[in-house]
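All values reported here derive from a predicted model rather than from experimental measurement. First listed ligand is number 1; within each ligand, the first listed atom is number 1.
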Amino acid sequence: MKNYTAVIIGGGPSGHSAAVRIAQLGGRVALVERDFIGGICTNWGCTPSKAMIESAKVAKTVAESEKYGVDIQEYSVDFGRIAQRRNQVVEQTREFVTELLRNHQVDIYQGEGELVSSKKVMVKGGKLDPDGTSMHYDGDVIELHTENVIIATGSRPLIPSFIDASDPSIVSSNRLISINERPESLVIIGGGVIGLEFATIFSNLGSKVTIIEFLDRVLAQMDEDISTEITRIMEANGVNVLTSTKCTGVNNGVITAEDMRSGEEIRLDAPMVLVAIGREAVLNEKMYTGSGISYTRKGIAVNDFQQTNVPGIWAVGDATGRSILAHVGIQQGIVAAENIMRKKGEQFREMDYAVIPAVIYTLPEIVGVGTVPEDLDGVQVTRVPFAVNLRAGIENYQDGFVKMWIKDHKLLAAQAIGHNVSEIMQEAANMIALESDVRAVSEIIHAHPTYAEIIRSTLDQALGKAVDFYL
Ligand SMILES: Cc1cc2nc3c(=O)[nH]c(=O)nc-3n(C[C@H](O)[C@H](O)[C@H](O)COP(=O)(O)OP(=O)(O)OC[C@H]3O[C@@H](n4cnc5c(N)ncnc54)[C@H](O)[C@@H]3O)c2cc1C
(Lines give C-alpha, C1' and ligand atoms only; values in the text may rest on other atoms or scores of the structure.)
Protein backbone atom coordinates (compact mmCIF):
# COMPACT_ATOMS: atom_id res chain seq x y z
CA MET A 1 0.00 0.00 0.00
CA LYS A 2 1.46 3.36 -1.08
CA ASN A 3 1.53 6.17 1.43
CA TYR A 4 0.91 9.47 -0.29
CA THR A 5 2.04 12.98 0.60
CA ALA A 6 -1.39 14.14 -0.52
CA VAL A 7 -4.60 12.65 -1.85
CA ILE A 8 -6.58 15.18 -3.85
CA ILE A 9 -10.33 14.71 -4.28
CA GLY A 10 -11.34 16.42 -7.55
CA GLY A 11 -9.45 16.70 -10.83
CA GLY A 12 -10.47 20.22 -11.89
CA PRO A 13 -7.98 23.08 -12.29
CA SER A 14 -7.52 23.64 -8.54
CA GLY A 15 -6.95 19.93 -7.87
CA HIS A 16 -4.64 19.23 -10.80
CA SER A 17 -2.52 22.35 -10.24
CA ALA A 18 -2.02 21.29 -6.61
CA ALA A 19 -1.12 17.77 -7.77
CA VAL A 20 1.51 18.94 -10.25
CA ARG A 21 3.07 21.43 -7.82
CA ILE A 22 3.33 18.85 -5.00
CA ALA A 23 4.92 16.39 -7.43
CA GLN A 24 7.36 19.06 -8.67
CA LEU A 25 8.42 19.63 -5.07
CA GLY A 26 9.07 15.92 -4.57
CA GLY A 27 5.78 14.74 -3.05
CA ARG A 28 3.84 11.62 -3.92
CA VAL A 29 0.32 12.39 -5.11
CA ALA A 30 -2.95 10.57 -5.78
CA LEU A 31 -5.76 12.36 -7.55
CA VAL A 32 -9.30 11.00 -7.30
CA GLU A 33 -11.82 12.03 -9.97
CA ARG A 34 -15.32 10.62 -10.26
CA ASP A 35 -16.01 12.06 -13.66
CA PHE A 36 -13.65 13.53 -16.24
CA ILE A 37 -10.14 14.83 -15.55
CA GLY A 38 -10.10 18.60 -15.98
CA GLY A 39 -13.31 19.17 -13.98
CA ILE A 40 -15.97 21.67 -14.92
CA CYS A 41 -13.43 24.03 -16.46
CA THR A 42 -12.10 21.62 -19.09
CA ASN A 43 -15.26 19.63 -19.76
CA TRP A 44 -18.25 21.96 -19.29
CA GLY A 45 -16.88 25.42 -18.50
CA CYS A 46 -13.91 27.51 -19.65
CA THR A 47 -12.77 25.29 -22.54
CA PRO A 48 -15.99 24.37 -24.39
CA SER A 49 -17.53 27.81 -23.83
CA LYS A 50 -14.51 29.57 -25.29
CA ALA A 51 -14.38 27.07 -28.18
CA MET A 52 -18.00 27.95 -29.02
CA ILE A 53 -17.41 31.67 -28.57
CA GLU A 54 -14.63 31.37 -31.16
CA SER A 55 -17.15 29.86 -33.62
CA ALA A 56 -19.59 32.65 -32.73
CA LYS A 57 -16.83 35.19 -33.41
CA VAL A 58 -16.13 33.68 -36.83
CA ALA A 59 -19.86 33.72 -37.66
CA LYS A 60 -20.03 37.38 -36.64
CA THR A 61 -16.98 38.28 -38.71
CA VAL A 62 -18.39 36.48 -41.74
CA ALA A 63 -21.74 38.25 -41.26
CA GLU A 64 -19.85 41.55 -41.26
CA SER A 65 -17.34 40.57 -43.94
CA GLU A 66 -18.61 43.21 -46.33
CA LYS A 67 -17.06 45.86 -44.08
CA TYR A 68 -13.65 44.40 -44.92
CA GLY A 69 -14.25 44.34 -48.66
CA VAL A 70 -14.91 40.61 -48.68
CA ASP A 71 -18.23 39.70 -50.20
CA ILE A 72 -19.57 36.46 -48.78
CA GLN A 73 -22.95 36.10 -50.41
CA GLU A 74 -23.96 32.85 -48.85
CA TYR A 75 -22.83 31.14 -45.71
CA SER A 76 -24.42 28.89 -43.17
CA VAL A 77 -23.73 27.91 -39.62
CA ASP A 78 -23.31 24.15 -39.22
CA PHE A 79 -23.99 23.71 -35.52
CA GLY A 80 -23.17 19.99 -35.67
CA ARG A 81 -19.63 20.76 -36.85
CA ILE A 82 -19.25 23.52 -34.30
CA ALA A 83 -20.19 20.98 -31.63
CA GLN A 84 -17.75 18.47 -33.09
CA ARG A 85 -14.92 21.02 -32.98
CA ARG A 86 -15.86 21.94 -29.40
CA ASN A 87 -15.73 18.26 -28.39
CA GLN A 88 -12.32 17.84 -30.04
CA VAL A 89 -10.94 20.87 -28.20
CA VAL A 90 -12.30 19.50 -24.91
CA GLU A 91 -10.84 16.04 -25.55
CA GLN A 92 -7.44 17.49 -26.48
CA THR A 93 -7.40 19.62 -23.34
CA ARG A 94 -8.46 16.67 -21.17
CA GLU A 95 -5.74 14.50 -22.69
CA PHE A 96 -3.21 17.27 -22.19
CA VAL A 97 -4.09 17.57 -18.48
CA THR A 98 -4.06 13.78 -18.03
CA GLU A 99 -0.63 13.57 -19.68
CA LEU A 100 0.61 16.45 -17.51
CA LEU A 101 -0.43 14.54 -14.39
CA ARG A 102 1.08 11.27 -15.62
CA ASN A 103 4.28 13.08 -16.57
CA HIS A 104 4.54 14.14 -12.93
CA GLN A 105 3.91 10.56 -11.72
CA VAL A 106 0.55 11.51 -10.20
CA ASP A 107 -1.55 8.37 -9.61
CA ILE A 108 -5.04 8.92 -11.02
CA TYR A 109 -7.90 7.01 -9.39
CA GLN A 110 -11.14 7.08 -11.33
CA GLY A 111 -14.03 6.96 -8.86
CA GLU A 112 -15.92 8.64 -6.05
CA GLY A 113 -13.56 9.87 -3.34
CA GLU A 114 -14.74 9.72 0.25
CA LEU A 115 -12.78 11.43 2.97
CA VAL A 116 -12.51 9.27 6.06
CA SER A 117 -9.87 11.32 7.91
CA SER A 118 -6.84 13.47 7.11
CA LYS A 119 -4.97 10.17 6.75
CA LYS A 120 -7.44 8.08 4.78
CA VAL A 121 -9.56 8.39 1.62
CA MET A 122 -11.75 5.66 0.22
CA VAL A 123 -12.27 5.46 -3.55
CA LYS A 124 -15.40 3.79 -4.86
CA GLY A 125 -14.08 2.65 -8.19
CA GLY A 126 -15.77 3.79 -11.34
CA LYS A 127 -15.16 2.96 -14.96
CA LEU A 128 -15.86 5.01 -18.02
CA ASP A 129 -18.57 3.56 -20.24
CA PRO A 130 -17.16 2.31 -23.56
CA ASP A 131 -18.41 5.38 -25.42
CA GLY A 132 -16.34 7.48 -23.02
CA THR A 133 -19.19 9.76 -22.05
CA SER A 134 -20.42 8.56 -18.67
CA MET A 135 -19.24 6.74 -15.62
CA HIS A 136 -20.57 3.62 -13.97
CA TYR A 137 -19.35 2.26 -10.68
CA ASP A 138 -18.12 -1.30 -10.51
CA GLY A 139 -18.27 -1.54 -6.76
CA ASP A 140 -14.52 -1.87 -6.10
CA VAL A 141 -13.36 0.16 -3.13
CA ILE A 142 -9.75 1.22 -2.75
CA GLU A 143 -8.29 2.62 0.46
CA LEU A 144 -5.65 5.34 0.11
CA HIS A 145 -3.30 6.33 2.94
CA THR A 146 -1.88 9.80 3.05
CA GLU A 147 -0.34 12.57 5.12
CA ASN A 148 -2.69 15.25 3.70
CA VAL A 149 -5.99 15.47 1.88
CA ILE A 150 -6.93 18.31 -0.45
CA ILE A 151 -10.63 18.76 -1.16
CA ALA A 152 -11.11 20.21 -4.66
CA THR A 153 -14.66 19.15 -5.41
CA GLY A 154 -15.78 22.29 -7.28
CA SER A 155 -19.21 23.84 -7.69
CA ARG A 156 -22.55 23.28 -9.41
CA PRO A 157 -25.29 25.59 -10.75
CA LEU A 158 -27.61 27.18 -8.24
CA ILE A 159 -31.28 26.49 -8.94
CA PRO A 160 -33.74 28.86 -7.22
CA SER A 161 -36.79 27.50 -5.42
CA PHE A 162 -39.29 28.87 -7.98
CA ILE A 163 -37.75 26.66 -10.66
CA ASP A 164 -38.65 23.00 -11.01
CA ALA A 165 -35.34 21.54 -12.13
CA SER A 166 -37.14 18.52 -13.61
CA ASP A 167 -39.08 20.69 -16.09
CA PRO A 168 -38.08 19.44 -19.57
CA SER A 169 -37.29 22.94 -20.85
CA ILE A 170 -34.77 23.68 -18.07
CA VAL A 171 -31.19 23.07 -19.15
CA SER A 172 -28.12 23.23 -16.97
CA SER A 173 -25.00 25.00 -18.25
CA ASN A 174 -23.38 21.54 -18.44
CA ARG A 175 -26.07 20.36 -20.85
CA LEU A 176 -26.33 23.53 -22.87
CA ILE A 177 -22.59 23.63 -23.45
CA SER A 178 -22.70 20.03 -24.67
CA ILE A 179 -25.67 20.17 -27.07
CA ASN A 180 -25.31 19.21 -30.70
CA GLU A 181 -28.34 21.05 -32.09
CA ARG A 182 -28.96 24.77 -31.94
CA PRO A 183 -32.19 25.79 -30.21
CA GLU A 184 -34.34 28.19 -32.27
CA SER A 185 -34.79 30.27 -29.15
CA LEU A 186 -33.29 30.37 -25.71
CA VAL A 187 -34.30 32.16 -22.53
CA ILE A 188 -31.53 32.83 -20.02
CA ILE A 189 -32.45 33.57 -16.43
CA GLY A 190 -29.64 35.71 -15.05
CA GLY A 191 -27.64 38.45 -16.72
CA GLY A 192 -24.34 37.62 -15.04
CA VAL A 193 -21.09 36.28 -16.49
CA ILE A 194 -22.32 32.83 -17.53
CA GLY A 195 -25.66 34.16 -18.82
CA LEU A 196 -23.98 36.75 -21.03
CA GLU A 197 -21.44 34.28 -22.40
CA PHE A 198 -24.19 31.87 -23.44
CA ALA A 199 -26.18 34.78 -24.92
CA THR A 200 -23.08 35.67 -26.97
CA ILE A 201 -22.66 32.13 -28.27
CA PHE A 202 -26.26 31.44 -29.24
CA SER A 203 -27.26 34.88 -30.53
CA ASN A 204 -24.28 34.93 -32.88
CA LEU A 205 -25.03 31.40 -34.06
CA GLY A 206 -28.62 32.31 -34.96
CA SER A 207 -30.82 31.58 -31.92
CA LYS A 208 -33.29 34.13 -30.65
CA VAL A 209 -32.05 34.92 -27.14
CA THR A 210 -33.83 36.63 -24.24
CA ILE A 211 -32.08 37.47 -20.98
CA ILE A 212 -34.21 37.92 -17.85
CA GLU A 213 -32.39 39.88 -15.14
CA PHE A 214 -33.88 40.64 -11.75
CA LEU A 215 -31.68 43.69 -11.08
CA ASP A 216 -31.94 46.94 -13.01
CA ARG A 217 -28.89 46.12 -15.11
CA VAL A 218 -26.88 43.14 -16.33
CA LEU A 219 -23.42 42.55 -14.84
CA ALA A 220 -24.33 44.47 -11.70
CA GLN A 221 -20.91 43.74 -10.20
CA MET A 222 -19.26 45.89 -12.89
CA ASP A 223 -19.22 49.64 -13.42
CA GLU A 224 -22.56 50.93 -14.69
CA ASP A 225 -20.99 52.19 -17.94
CA ILE A 226 -19.96 48.61 -18.76
CA SER A 227 -23.51 47.32 -18.18
CA THR A 228 -24.91 50.06 -20.42
CA GLU A 229 -22.43 49.40 -23.22
CA ILE A 230 -22.83 45.61 -23.27
CA THR A 231 -26.64 45.97 -23.17
CA ARG A 232 -26.48 48.34 -26.14
CA ILE A 233 -24.23 45.95 -28.07
CA MET A 234 -26.29 42.86 -27.21
CA GLU A 235 -29.56 44.57 -28.17
CA ALA A 236 -28.04 45.74 -31.45
CA ASN A 237 -27.21 42.08 -32.05
CA GLY A 238 -30.85 41.08 -31.55
CA VAL A 239 -30.74 39.91 -27.91
CA ASN A 240 -33.83 40.81 -25.90
CA VAL A 241 -32.48 42.12 -22.57
CA LEU A 242 -35.19 42.37 -19.88
CA THR A 243 -33.89 44.03 -16.72
CA SER A 244 -35.84 44.67 -13.48
CA THR A 245 -37.73 41.54 -14.47
CA LYS A 246 -38.50 38.71 -12.12
CA CYS A 247 -38.93 35.22 -13.50
CA THR A 248 -41.88 33.66 -11.68
CA GLY A 249 -41.98 30.23 -13.25
CA VAL A 250 -41.06 27.90 -16.08
CA ASN A 251 -43.49 25.28 -17.30
CA ASN A 252 -42.71 23.15 -20.33
CA GLY A 253 -41.27 25.93 -22.45
CA VAL A 254 -43.55 28.68 -21.15
CA ILE A 255 -41.71 31.23 -19.08
CA THR A 256 -43.61 33.69 -16.93
CA ALA A 257 -42.04 36.83 -15.54
CA GLU A 258 -43.03 40.11 -13.98
CA ASP A 259 -41.82 43.53 -15.09
CA MET A 260 -41.06 44.96 -11.66
CA ARG A 261 -41.39 48.56 -12.85
CA SER A 262 -44.90 48.23 -14.29
CA GLY A 263 -46.12 45.09 -12.54
CA GLU A 264 -47.05 43.73 -15.98
CA GLU A 265 -46.87 39.96 -16.56
CA ILE A 266 -44.60 38.76 -19.36
CA ARG A 267 -44.95 35.38 -21.11
CA LEU A 268 -42.23 33.95 -23.29
CA ASP A 269 -41.97 30.68 -25.20
CA ALA A 270 -38.69 28.89 -25.63
CA PRO A 271 -37.75 25.22 -25.91
CA MET A 272 -34.74 25.80 -23.67
CA VAL A 273 -34.33 27.82 -20.52
CA LEU A 274 -30.91 28.23 -18.94
CA VAL A 275 -30.83 29.07 -15.26
CA ALA A 276 -27.65 31.08 -14.76
CA ILE A 277 -28.14 32.83 -11.45
CA GLY A 278 -24.89 31.62 -9.90
CA ARG A 279 -23.07 28.54 -8.69
CA GLU A 280 -22.73 26.89 -5.31
CA ALA A 281 -19.92 24.84 -3.80
CA VAL A 282 -20.28 21.06 -4.03
CA LEU A 283 -20.50 20.14 -0.36
CA ASN A 284 -20.49 16.65 1.06
CA GLU A 285 -21.94 17.45 4.43
CA LYS A 286 -21.86 13.87 5.72
CA MET A 287 -18.16 13.65 4.90
CA TYR A 288 -17.35 17.00 6.55
CA THR A 289 -19.43 16.40 9.66
CA GLY A 290 -17.76 12.99 10.06
CA SER A 291 -14.29 14.50 9.95
CA GLY A 292 -15.21 17.73 11.79
CA ILE A 293 -14.51 20.11 8.92
CA SER A 294 -16.04 23.59 9.28
CA TYR A 295 -18.11 24.78 6.36
CA THR A 296 -20.94 27.15 5.58
CA ARG A 297 -23.51 27.07 2.78
CA LYS A 298 -21.00 29.08 0.74
CA GLY A 299 -18.23 26.52 0.97
CA ILE A 300 -15.54 24.85 3.04
CA ALA A 301 -13.97 27.32 5.48
CA VAL A 302 -10.24 27.78 4.85
CA ASN A 303 -7.59 30.23 6.04
CA ASP A 304 -5.28 32.08 3.65
CA PHE A 305 -2.91 29.07 3.62
CA GLN A 306 -5.83 26.92 2.31
CA GLN A 307 -6.00 24.92 5.54
CA THR A 308 -9.34 23.82 6.92
CA ASN A 309 -9.81 23.70 10.69
CA VAL A 310 -8.73 20.02 10.66
CA PRO A 311 -4.92 19.59 10.56
CA GLY A 312 -3.83 17.87 7.35
CA ILE A 313 -7.06 18.65 5.46
CA TRP A 314 -6.90 21.43 2.91
CA ALA A 315 -9.47 22.81 0.46
CA VAL A 316 -9.07 24.70 -2.80
CA GLY A 317 -11.07 26.07 -5.73
CA ASP A 318 -14.82 26.60 -6.06
CA ALA A 319 -15.44 24.25 -3.11
CA THR A 320 -14.15 26.98 -0.78
CA GLY A 321 -16.73 29.47 -2.10
CA ARG A 322 -14.09 32.22 -2.27
CA SER A 323 -14.48 32.66 -6.03
CA ILE A 324 -15.75 30.74 -9.01
CA LEU A 325 -12.83 31.43 -11.30
CA ALA A 326 -10.44 28.78 -12.53
CA HIS A 327 -7.39 31.05 -12.18
CA VAL A 328 -8.19 31.68 -8.50
CA GLY A 329 -8.58 27.92 -7.95
CA ILE A 330 -5.27 27.25 -9.70
CA GLN A 331 -3.51 29.77 -7.46
CA GLN A 332 -5.14 28.28 -4.35
CA GLY A 333 -3.98 24.84 -5.49
CA ILE A 334 -0.40 26.07 -5.85
CA VAL A 335 -0.52 27.79 -2.45
CA ALA A 336 -1.87 24.64 -0.74
CA ALA A 337 0.79 22.51 -2.49
CA GLU A 338 3.66 24.78 -1.47
CA ASN A 339 2.41 24.90 2.11
CA ILE A 340 2.14 21.12 2.26
CA MET A 341 5.67 20.79 0.86
CA ARG A 342 7.26 23.64 2.83
CA LYS A 343 10.41 22.67 4.68
CA LYS A 344 10.72 22.85 8.44
CA GLY A 345 11.09 26.46 9.57
CA GLU A 346 9.84 27.84 6.24
CA GLN A 347 7.00 30.39 6.24
CA PHE A 348 3.55 29.45 4.98
CA ARG A 349 2.63 30.99 1.63
CA GLU A 350 -0.49 33.15 1.81
CA MET A 351 -3.21 33.40 -0.80
CA ASP A 352 -3.53 36.99 -2.03
CA TYR A 353 -6.98 37.96 -3.37
CA ALA A 354 -6.17 41.63 -3.96
CA VAL A 355 -5.77 41.52 -7.73
CA ILE A 356 -7.96 39.07 -9.63
CA PRO A 357 -8.73 39.87 -13.26
CA ALA A 358 -12.31 38.87 -14.02
CA VAL A 359 -13.02 38.34 -17.71
CA ILE A 360 -16.41 38.04 -19.40
CA TYR A 361 -15.98 36.54 -22.84
CA THR A 362 -18.73 38.42 -24.60
CA LEU A 363 -18.17 39.98 -28.04
CA PRO A 364 -16.51 42.31 -27.31
CA GLU A 365 -14.87 41.10 -24.13
CA ILE A 366 -15.17 42.70 -20.71
CA VAL A 367 -12.55 42.81 -17.95
CA GLY A 368 -12.52 44.18 -14.43
CA VAL A 369 -9.55 44.25 -12.09
CA GLY A 370 -8.88 45.91 -8.74
CA THR A 371 -11.42 47.46 -6.40
CA VAL A 372 -13.39 50.49 -7.51
CA PRO A 373 -13.28 52.84 -4.49
CA GLU A 374 -16.61 53.80 -2.95
CA ASP A 375 -15.17 57.09 -1.78
CA LEU A 376 -14.02 58.98 -4.86
CA ASP A 377 -12.34 61.76 -2.87
CA GLY A 378 -8.95 62.36 -4.51
CA VAL A 379 -9.63 59.66 -7.11
CA GLN A 380 -9.24 60.52 -10.78
CA VAL A 381 -11.64 58.60 -13.02
CA THR A 382 -10.60 58.50 -16.67
CA ARG A 383 -12.47 56.88 -19.52
CA VAL A 384 -11.02 56.54 -23.00
CA PRO A 385 -13.09 55.14 -25.89
CA PHE A 386 -11.75 52.25 -27.92
CA ALA A 387 -12.40 54.33 -31.03
CA VAL A 388 -9.23 56.42 -30.34
CA ASN A 389 -7.07 53.32 -30.69
CA LEU A 390 -5.59 53.09 -34.18
CA ARG A 391 -5.49 49.28 -34.32
CA ALA A 392 -9.16 49.12 -33.25
CA GLY A 393 -10.01 51.60 -36.01
CA ILE A 394 -8.04 49.69 -38.64
CA GLU A 395 -9.65 46.40 -37.70
CA ASN A 396 -13.15 47.81 -37.17
CA TYR A 397 -13.55 47.14 -33.46
CA GLN A 398 -14.39 50.63 -32.20
CA ASP A 399 -17.01 49.59 -29.62
CA GLY A 400 -16.09 49.96 -25.97
CA PHE A 401 -13.74 51.85 -23.70
CA VAL A 402 -11.16 51.58 -20.93
CA LYS A 403 -11.92 53.18 -17.58
CA MET A 404 -9.39 53.67 -14.80
CA TRP A 405 -9.54 54.82 -11.17
CA ILE A 406 -6.25 56.43 -10.13
CA LYS A 407 -5.22 57.92 -6.78
CA ASP A 408 -1.85 59.36 -5.76
CA HIS A 409 -0.41 58.20 -9.11
CA LYS A 410 -1.38 54.58 -8.37
CA LEU A 411 -3.92 52.59 -10.32
CA LEU A 412 -6.66 51.32 -7.99
CA ALA A 413 -8.97 49.66 -10.51
CA ALA A 414 -9.50 49.33 -14.24
CA GLN A 415 -12.45 48.06 -16.25
CA ALA A 416 -12.72 47.69 -19.98
CA ILE A 417 -15.02 46.53 -22.71
CA GLY A 418 -13.53 46.07 -26.15
CA HIS A 419 -12.01 43.67 -28.64
CA ASN A 420 -9.68 41.15 -26.95
CA VAL A 421 -9.37 43.24 -23.76
CA SER A 422 -8.69 40.00 -21.86
CA GLU A 423 -5.23 40.06 -23.43
CA ILE A 424 -4.34 43.70 -22.77
CA MET A 425 -5.76 44.25 -19.29
CA GLN A 426 -3.17 42.05 -17.60
CA GLU A 427 -0.93 45.12 -17.82
CA ALA A 428 -3.42 46.98 -15.60
CA ALA A 429 -3.54 44.01 -13.21
CA ASN A 430 0.26 43.98 -12.95
CA MET A 431 0.29 47.73 -12.32
CA ILE A 432 -2.16 47.35 -9.43
CA ALA A 433 -0.32 44.35 -7.97
CA LEU A 434 3.10 46.00 -8.23
CA GLU A 435 1.71 49.39 -7.12
CA SER A 436 3.40 50.92 -10.17
CA ASP A 437 3.56 54.67 -10.56
CA VAL A 438 1.28 55.52 -13.49
CA ARG A 439 3.75 58.21 -14.62
CA ALA A 440 6.47 55.59 -15.04
CA VAL A 441 4.22 53.16 -16.94
CA SER A 442 3.02 55.92 -19.28
CA GLU A 443 6.65 56.49 -20.27
CA ILE A 444 7.17 52.87 -21.34
CA ILE A 445 7.10 52.52 -25.13
CA HIS A 446 4.09 50.51 -26.27
CA ALA A 447 4.24 49.04 -29.79
CA HIS A 448 2.25 50.84 -32.48
CA PRO A 449 -0.36 50.10 -33.66
CA THR A 450 -1.52 47.70 -30.93
CA TYR A 451 -4.58 47.37 -28.73
CA ALA A 452 -2.16 47.51 -25.77
CA GLU A 453 -1.55 51.17 -26.58
CA ILE A 454 -4.97 51.99 -25.13
CA ILE A 455 -3.58 51.33 -21.64
CA ARG A 456 -0.92 53.94 -22.21
CA SER A 457 -3.48 56.26 -23.86
CA THR A 458 -5.72 56.06 -20.78
CA LEU A 459 -2.80 56.77 -18.45
CA ASP A 460 -1.68 59.67 -20.69
CA GLN A 461 -5.20 61.06 -20.69
CA ALA A 462 -5.29 60.92 -16.89
CA LEU A 463 -1.95 62.72 -16.81
CA GLY A 464 -3.14 65.35 -19.33
CA LYS A 465 -0.47 64.46 -21.88
CA ALA A 466 -2.16 62.35 -24.56
CA VAL A 467 -0.59 63.25 -27.92
CA ASP A 468 -2.33 60.82 -30.26
CA PHE A 469 -6.01 61.71 -29.71
CA TYR A 470 -8.32 64.30 -28.18
CA LEU A 471 -11.69 63.84 -26.48
C1 LIG B 1 -20.04 27.66 -18.55
C2 LIG B 1 -18.89 28.02 -17.67
C3 LIG B 1 -17.84 28.76 -18.18
C4 LIG B 1 -16.77 29.10 -17.36
N5 LIG B 1 -15.75 29.85 -17.89
C6 LIG B 1 -14.72 30.21 -17.11
C7 LIG B 1 -13.65 30.97 -17.64
O8 LIG B 1 -13.63 31.31 -18.81
N9 LIG B 1 -12.64 31.32 -16.82
C10 LIG B 1 -12.64 30.96 -15.49
O11 LIG B 1 -11.70 31.33 -14.78
N12 LIG B 1 -13.62 30.21 -14.96
C13 LIG B 1 -14.66 29.83 -15.74
N14 LIG B 1 -15.66 29.05 -15.22
C15 LIG B 1 -15.55 28.63 -13.82
C16 LIG B 1 -14.57 27.44 -13.69
O17 LIG B 1 -15.01 26.39 -14.51
C18 LIG B 1 -14.46 27.01 -12.25
O19 LIG B 1 -14.08 28.11 -11.46
C20 LIG B 1 -13.41 25.91 -12.11
O21 LIG B 1 -13.73 24.78 -12.88
C22 LIG B 1 -13.26 25.50 -10.65
O23 LIG B 1 -12.27 24.54 -10.57
P24 LIG B 1 -12.25 23.50 -9.37
O25 LIG B 1 -11.01 22.70 -9.54
O26 LIG B 1 -12.45 24.19 -8.07
O27 LIG B 1 -13.54 22.61 -9.57
P28 LIG B 1 -14.17 21.84 -10.82
O29 LIG B 1 -13.59 22.27 -12.09
O30 LIG B 1 -15.63 21.94 -10.61
O31 LIG B 1 -13.70 20.35 -10.57
C32 LIG B 1 -14.13 19.62 -9.47
C33 LIG B 1 -14.01 18.16 -9.81
O34 LIG B 1 -14.22 17.40 -8.62
C35 LIG B 1 -14.89 16.20 -8.98
N36 LIG B 1 -15.50 15.68 -7.75
C37 LIG B 1 -16.43 16.27 -6.96
N38 LIG B 1 -16.70 15.48 -5.91
C39 LIG B 1 -15.94 14.37 -6.04
C40 LIG B 1 -15.76 13.19 -5.27
N41 LIG B 1 -16.41 12.98 -4.13
N42 LIG B 1 -14.88 12.27 -5.71
C43 LIG B 1 -14.19 12.44 -6.87
N44 LIG B 1 -14.32 13.54 -7.63
C45 LIG B 1 -15.16 14.49 -7.21
C46 LIG B 1 -15.88 16.65 -10.02
O47 LIG B 1 -16.30 15.56 -10.82
C48 LIG B 1 -15.08 17.67 -10.80
O49 LIG B 1 -14.44 17.08 -11.91
C50 LIG B 1 -16.74 28.68 -16.01
C51 LIG B 1 -17.78 27.89 -15.49
C52 LIG B 1 -18.84 27.55 -16.31
C53 LIG B 1 -19.94 26.71 -15.75
Could you tell me whether [X] approaches ligand 1 through its side chain, its backbone, both or neither, with non-hydrogen atoms closer than 4.0 Å?
| X | result |
| --- | --- |
| Ser49 | side chain |
| Ser323 | neither |
| Glu114 | neither |
| Trp44 | backbone |
| Asp318 | both |
| Ile194 | side chain |

By the side chain to side chain donor-acceptor pair (under 3.5 Å) test, which pairs, at least two apart or in different chains, include something from residues 413-432?
Glu365-Ser422, Gln426-Asn430, Glu427-His446
Are [X] and [Y] close enough that a side-chain donor and a side-chain acceptor fall under 3.5 Å?
| X | Y | result |
| --- | --- | --- |
| Tyr353 | Gln331 | no |
| Thr248 | Thr256 | yes |
| Ser169 | Asp167 | yes |
| Arg85 | Gln88 | no |

Going by the angle between their ring planes, with limits at 30° and 60°, are Phe348 and Phe305 parallel, tilted or perpendicular?
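Parallel.
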Kindly say whether [Y] contributes a backbone atom to a donor-acceptor pair with the side chain of [X] at under 3.5 angstrom?
| X | Y | answer |
| --- | --- | --- |
| Thr200 | Leu196 | yes |
| Glu280 | Leu158 | no |
| Arg86 | Ser178 | yes |
| Glu229 | Gly400 | yes |
| Glu114 | Val121 | no |
| Glu197 | Tyr361 | yes |
| Lys124 | Val141 | no |
| Asn339 | Arg349 | yes |
| Thr146 | Tyr4 | yes |
| Arg279 | Ile324 | no |

Distance under 4.0 Å to a non-hydrogen atom of [X]: what atoms of ligand 1 satisfy this?
| X | result |
| --- | --- |
| His327 | 11 (O) |
| Ile9 | 40 (C), 41 (N), 42 (N), 43 (C) |
| Ser155 | 30 (O) |
| Asp35 | 47 (O) |
| Tyr361 | 8 (O) |
| Ala152 | 32 (C), 33 (C), 34 (O) |
| Cys41 | 17 (O), 21 (O), 29 (O) |
| Val32 | 43 (C), 44 (N) |

Strictly under 4.0 Å, does any heavy atom of [X] approach an atom of ligand 1?
| X | value |
| --- | --- |
| Val282 | no |
| Gly111 | yes |
| Ile177 | no |
| Arg279 | yes |

Mind checking whether [X] has an N or O less than 3.5 Å away from an N or O of ligand 1?
| X | answer |
| --- | --- |
| Ser173 | no |
| Gly113 | yes |
| Gly45 | no |
| Glu112 | yes |

How far is [atom] from its nearest protein heavy atom, and which residue and atom name does that atom have?
| atom | result |
| --- | --- |
| atom 27 (O) of ligand 1 | Gly154 CA, 3.2 Å |
| atom 46 (C) of ligand 1 | Glu33 OE2, 3.4 Å |
| atom 34 (O) of ligand 1 | Gly10 CA, 3.2 Å |
| atom 8 (O) of ligand 1 | Lys50 NZ, 2.7 Å |
| atom 29 (O) of ligand 1 | Ile40 N, 2.9 Å |
| atom 43 (C) of ligand 1 | Arg34 N, 3.3 Å |
| atom 11 (O) of ligand 1 | Ala326 N, 2.8 Å |
| atom 15 (C) of ligand 1 | Ile324 O, 3.4 Å |

Taking atom 24 (P) of ligand 1 as the point of reference, which of Cys46, Ser14, Pro48 owns the nearest heavy atom?
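Of the listed residues, Ser14 has the closest heavy atom.
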Option with minimal heavy-atom separation from atom 23 (O) of ligand 1, where the choices are Ala18, Pro13, Ala281, Gly317
Pro13
Asn43 side chain reached by Asp35 side chain, heavy atoms, under 4.5 Å:
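When only atoms from C-beta onward are counted, Asn43 and Asp35 do not touch, as no gap falls below 4.5 Å.
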With heavy-atom distances below 4.5 Å as the criterion, would you say the side chains of Val402 and Phe386 are in contact?
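Yes - at least one pair of side-chain heavy atoms lies under 4.5 Å apart.
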